[in-house]
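Each remark here refers to the structure printed beneath this line.
Just so it is clear: chains get the letters A, B, ... in the order the sequence lines come, proteins before strands, and each one is counted from 1.
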Amino acid sequence: MKVATWNVNSLTARWFRVEEWLVANAPDILLIQETKQDDAKFPFALLNELGYGAAHHGQGQWNGVAILSKVGIDDVVRGFGDNDPEARLIGATCGGVRVYSCYVPNGRALDDPHYVYKLKWLAQLRDLVDQRDRSMHIVVGGDFNVAPHDLDCYDPSVFQGATHVSEPEREALRAIEATGLVDLTWSLHPDEQIFTWWDYRNGSFHRNWGLRIDLLFVDPELRAITTATYVDREARKGEKPSDHVPVVADFAL
DNA sequence: ATGTCACAGTCCCTGTGA
């Protein structure tokens, strides 16, 4: 079973890249963030033609998360059930695996109310996954807007006093892991610098000024049967790329 | 560190968010 997560930065603007990527890579499950569409605009019919069932938690102008699946899609939940107006979480059961697509708030700055919202959001996610059905495999993936370790940041000195690397955010990720999940990329490639996002500005991609902020958290049994995990850097090249690349994992399921 | 991109509103530019 091949599972991927990708912040597409507008499915409207990126559809031709997403469609091309789905055909070329044929993941069983794709977790999408930042669709920036409402449900009426989401391409359910086009996805069905490609063999995917889909569930979308859309908002319109901002945010928006989705799950695409070739292996069934049931028991869909949207958000934390707290009437959050921002569409940042969707969960479903696909092929016997519980999956979540997460778009964690950016935070903006350490003294911004949005940063408080970010930490609260991560704490709510921890509580949600802590209450999971532990008889089922789980994949919690998405754009976490946190680089878990200094190695996940091209230059930690540039990020002094900024979001994405602060200790409370990293601690919030460790609290999620403490429910019994592993950061799959880090777990299998602990000594490699692997980035998933590069700013559009400054020629950041060509300078490799990136961050690893797109993550897949999985249960240890799923990690044990992981045959590969990698990022698709090619997706950051070419016409109208997203600023994020897909993170892919293959499981012997 | 700010060489970009996407969106909405009102329209061919500006403010906002990332």
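- Between A:D199 atom CG and B:dA1 atom P there is a gap of 13 Å when expressed in whole angstrom units.
- Within the 4.0 Å cut-off from OP1 or OP2 of B:dA6, at least one side-chain nitrogen or oxygen of A:R14 is found.
- Distance check on atom C1': B:dG17 versus B:dT2 gives 15 Å, rounded to whole Å.
- Rounded to whole Å, atom P of B:dA18 lies 9 Å from atom CG of A:D112.
- In this structure, of B:dC7, B:dG3, B:dA18, it is B:dA18 that holds the atom nearest to the side chain of A:E34.
- A side-chain donor-acceptor contact under 3.5 Å links A:E169 and A:S166.
- In this structure, the nucleotide among B:dG3, B:dA6, B:dA18 sitting nearest to the side chain of A:N9 is B:dA6.
- Within the 4.0 Å cut-off from OP1 or OP2 of B:dA6, at least one side-chain nitrogen or oxygen of A:K240 is found.
- Residue A:V158 places its side chain closer to B:dA1 than to any other of B:dA6, B:dA1, B:dG17.
- Going from atom CH2 of A:W198 over to atom C1' of B:dA1 covers 19 Å, rounded to whole Å.
- With both ends at atom P, the span from B:dC11 to B:dG15 equals 14 Å, rounded to whole Å.
- Atom pair A:R207:CZ and B:dT4:P shows a separation of 12 Å (rounding to whole Å applied).
- A side-chain donor-acceptor contact under 3.5 Å links A:Q33 to the backbone of A:N7.
- Residues A:W121 and A:F80 bring their aromatic ring centres within 6.0 Å.
- Taking only side-chain atoms of A:Y103, from C-beta outward, the nucleotide of B:dA18, B:dG3, B:dA6 with the closest atom is B:dA18.
- The distance between atom CH2 of A:W62 and atom P of B:dT16, rounded to the nearest whole Å, is 11 Å.
- Residues A:S10 and A:H114 each lie close to DNA chain B; by heavy-atom proximity, the contact nearer the 5' end of the strand is made by A:S10.
- Distances were taken from every side-chain heavy atom of A:R201 (C-beta onward) to each of B:dA6, B:dT2, B:dA1; the shortest belongs to B:dT2.
- For A:Y154, the listed nucleotide lying nearest its side chain is B:dA1; candidates were B:dT2, B:dA1, B:dA6.
- With B:dA18, B:dA6, B:dG3 as the candidates, the nucleotide lying closest to the side chain of A:A13 is B:dA6.
- Nearest to the side chain of A:R108, among B:dA18, B:dG3, B:dA1, sits B:dA18.
- Separating the C1' atom of B:dC12 from that of B:dC7 is a span of 15 Å, rounded to the nearest Å.
- Rounded to a whole Å, the CG atom of A:D143 is 11 Å from the P atom of B:dA18.
- Summarising the geometry, the separation between CZ on A:F159 and P on B:dA18 is reported as 15 Å, rounded to the nearest angstrom.
- Less than 6.0 angstrom separates the ring centroid of A:W186 from the ring centroid of A:H149.
- Each of A:T35 and A:W209 lies near DNA chain B, and the nucleotide nearest A:W209 is the one positioned closer to the 5' end.
- The nearest whole Å value for the distance from the CG atom in A:D243 to the P atom in B:dG3 is 17 Å.
- Of all heavy-atom pairs spanning A:D199 and A:S204, the tightest one is O-CB, 3.2 Å.
- Nucleotides B:dT16 and B:dT10, compared at atom P, are 14 Å apart to the nearest Å.
- Ring pair A:F217/A:F144: centre-to-centre distance below 6.0 Å.
- In this structure, the nucleotide among B:dA1, B:dG3, B:dA18 sitting nearest to the side chain of A:N106 is B:dA18.
- Using a 4.0 Å heavy-atom distance criterion, A:S204 is classed as making no nucleic acid contact.
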